[in-house]
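As the structure is a prediction and not an experimental result, all values here were calculated from the model. Each chain gets a letter, A, B and so on, in the order its sequence line appears, and its residues count up from 1.
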There are 2 protein chains.
Amino acid sequence: MVRLMPGKRAKQPKLKKKAGVFDVAREAGVSVATVSRAFNLPDIVSEDVRRRVLATAQNLGYAANPAAKALRSRKTHIVGAAIPTLDYAIFAKMINHFQDSFAQHGYMTIVATTGFEHANVFEKVKTLVDRGAEALLLVGAIEDPALVSYLKRPHIPVVTTYSYLPDEIVPCIGFDNYAATESAMEYLADLGHRNFAMIAGSPKGSDRQRARIAAYKDFVGSRNLHGAANIIIRNFTIRDGTEAIRAILDKYPETTAVVCNTDVMAFGALSESRRLGIRVPQDISIVGFDDAEYAAQLEPPLTTIAVPAEEMGRLAAEMLHSSLSNGEPPRFVRLDSHLIVRKSACPPRALKQLRLAAAV
Amino acid sequence: MVRLMPGKRAKQPKLKKKAGVFDVAREAGVSVATVSRAFNLPDIVSEDVRRRVLATAQNLGYAANPAAKALRSRKTHIVGAAIPTLDYAIFAKMINHFQDSFAQHGYMTIVATTGFEHANVFEKVKTLVDRGAEALLLVGAIEDPALVSYLKRPHIPVVTTYSYLPDEIVPCIGFDNYAATESAMEYLADLGHRNFAMIAGSPKGSDRQRARIAAYKDFVGSRNLHGAANIIIRNFTIRDGTEAIRAILDKYPETTAVVCNTDVMAFGALSESRRLGIRVPQDISIVGFDDAEYAAQLEPPLTTIAVPAEEMGRLAAEMLHSSLSNGEPPRFVRLDSHLIVRKSACPPRALKQLRLAAAV
DNA sequence: TTGTACGCGTTATCAG
DNA sequence: CTGATAACGCGTACAA
């Protein structure tokens, strides 16, 4: 451990590990405390000293070690988000805004993808927390009992999105999925439809799907309409939509209106209908859910339910952030979703013929 | 500051700050070093002691403080990604896989969005590095001179994606954008097209757009075809595609083949064409770029260039990870892109009539 | 195999 | 307004 030419150490830039507070302090002729203050509490340090410190820091390429900073200050400035996947525009868009809003407050976002098995989310949440996340964004209802009891003990601020669940154990920033589907059904029923079918995603692990399915069943049931059981469960790709519409045409040929639980599925249903020579909306009405970017550009333009993805992301970030700074807990927020009427739904065929006859 | 009933402190779970190595050590009747070892070097601690430590740790809800751990071990287990936006499927998909691959090695990903101004990326990169990112994923060529010189000094492993740039200062994992567009042009020219137009995104800040535009110009120019200057620059929404195709139809009515630099634009071009009563591909051929999920479902199914988004994300993660563990530097990787021939392009009208005549 | 003791780079506390 | 110094919680030589 004999050091040769110890004097060289300070002069050789190559060996310079990394400038720390101490180096800056020495170079600027102040104490380490002052250096720290120059950065974190600029107001309580004299003008000239601060300038000098900041200048030499800049000069030395100093940047505070985040780990040391986090250790001492007990603030990581990291937040976490656990979502099913980034591969869905609807989640990516929300995260994009969430991350962006938080970034403006100096927070970085770590996103963990859980897939659609809610078995994974507890594990991911723990990882996120263990990683020092100071706040958390989740999606949908908390299904895993273990996660429920974990979240019951006060840890860090958490919000869940996409669903409005007044009874949830954590605050939610979402919309009423049940009401949303209901409004679509109502629109269709008002148009004169009586034979329905639904294309849904798996209800396992998704309270959103369950709510939409329940709304469908309840609506059809309570109004004595047909098709309460005509629900095709598939995944969330376009191809699933194409398969589902074929199944509906095959098994429930009397159907005149199909409600899709995502625009992706509706996309598939629309394009497969065209391929099959079924005209939309003349032969069959189709509505979607999400109001994806392409919804208005489909043929025909898709009637669908607009979902406040950006707003959920932004609001979740804002509320979580004020919870972090003011300590005021996030509130339950019910955002609006509304039906965007375009051209993929119209009165059913028989009814139109009836009306035509009546007009004559 | 008088503490009443000080004895209660240990009994009240509410006041229990957080279990640390020390607490676990005391509870398990071992030293803190053993606790640490039980987690990090399980092999060098006796079976029963390890079990006991792990059990009491579990029991106390102990989790190592990531900041302290990072400070001491000089490893944050965090990597960063700076991308334009998560709102584009193509980037979201890449990040999804990048993040997923790295997560399997115990790394969390922080993503920073820069928008399409490359002025922002240097700042974001510094933020990422200051936050303790041990490796970085970038998109495209490094444009900002400041960032170039920053990356020239050895910091942390960095790769850039989406472009194959052999001369880049950091390794890249991408594909040849020039060759990709060229292959589409070649396909179109072989079909008999002689009048071209292009729908492009802004070349500012995107070497991908520049490469595709250059390929277009070179191809048209070198083969004495028409339309080398017929390039409509727009943004990356469907609506931009609709506007662009109108502009082309209006300003360059002789056009028979248009190459779009993203599928989103092609989507807009396709749907607007239909609205205008222009038949694709009979009246005009359109090709896209990306092979988005919906490309095959459009009417007509879109001929487009498939891009290895997942593979770039996964490979970037793998290479960065081995760079982190083995020290072996990331390599330059040229991935394949290839033209997916579907139905949105066919021989131009005049030519078909000619052929028809010849056949008679 | 296990324990002791020190240091990682900051920020917070307390004097001055 | 500034300086000295004690934590922050963990990993790891070194000693036992």
Side-chain angles (χ1 to χ4, degrees), chain A residues 1 15-57 60-78 106 129-134, chain B residues 1 15-57 60-78 106 129-134:
Chain A
M1 280 302 218
L15 293 183
K16 201 169 43 188
K17 290 297 177 193
K18 185 87 184 271
V21 265
F22 184 75
D23 305 284
V24 178
R26 183 170 32 71
E27 200 75 10
V30 296
S31 73
V32 292
T34 300
V35 174
S36 175
R37 283 191 284 253
F39 280 96
N40 306 310
L41 291 65
D43 301 327
I44 71 165
V45 66
S46 71
E47 179 69 12
D48 54 343
V49 170
R50 188 188 51 194
R51 255 208 263 279
R52 182 155 38 97
V53 170
L54 262 35
T56 63
L60 265 53
Y62 165 76
N65 178 318
K69 193 170 189 137
L71 176 57
R72 182 64 237 230
S73 65
R74 302 171 156 293
K75 279 193 157 303
T76 57
H77 287 270
I78 283 178
V129 173
D130 289 350
R131 280 314 182 93
E134 297 179 38
Chain B
M1 283 302 222
L15 294 183
K16 200 168 45 187
K17 290 298 177 193
K18 184 90 183 271
V21 266
F22 185 75
D23 304 281
V24 178
R26 183 169 33 73
E27 201 74 12
V30 297
S31 73
V32 291
T34 301
V35 174
S36 175
R37 284 191 282 252
F39 280 97
N40 306 311
L41 293 69
D43 301 328
I44 70 165
V45 66
S46 70
E47 179 71 12
D48 54 342
V49 169
R50 188 188 50 195
R51 255 207 263 279
R52 182 154 40 97
V53 171
L54 262 36
T56 64
L60 266 52
Y62 165 78
N65 178 318
K69 196 170 184 131
L71 177 57
R72 181 63 236 238
S73 65
R74 300 171 162 294
K75 279 194 156 303
T76 57
H77 287 270
I78 284 178
V129 172
D130 289 350
R131 280 313 182 93
E134 296 179 39

Closest nucleotide among dC10(D), dT11(C), dT2(C) to the Val21(B) side chain:
dC10(D)
Whole-Å distance separating the NE2 atom of His77(B) from the P atom of dG11(D):
10 Å
Which is more 5' along DNA chain C, the nucleotide nearest Asp43(B) or the one nearest Arg72(B)? Just name the residue.
Asp43(B)
Using only side-chain N and O atoms of Thr34(A), determine if any of them is under 4.0 Å from OP1 or OP2 of dG3(D).
yes
Measure OH/Tyr62(B) against P/dG11(D) and give the value in whole Å, please.
6 Å
Per the atom types in the model, does the base of dG11(D) pair as donor or acceptor with the side chain of Arg74(B) at under 3.5 Å?
no
To the nearest angstrom, the NZ-P distance between Lys69(A) and dC10(D) comes to 21 Å
Taken to the nearest whole Å, CZ/Phe39(A) to C1'/dT2(D) is 17 Å
Counting the atoms with a prime plus P, OP1 and OP2 as sugar-phosphate, which does Ala25(B) contact under 4.0 Å by heavy atoms, base, sugar-phosphate, or nothing?
nothing
Check the phosphate of dT10(C) against Asn65(A), side-chain N and O only, distance under 4.0 Å to OP1 or OP2. Yes or no?
no
Selected nucleotide, minimal atom distance to Ser46(A) side chain, candidates dC1(D), dT12(D), dC10(D)
dC1(D)
On the nucleotide dT4(C), are OP1 or OP2 found under 4.0 Å from the side-chain N or O atoms that Ser31(B) carries?
no
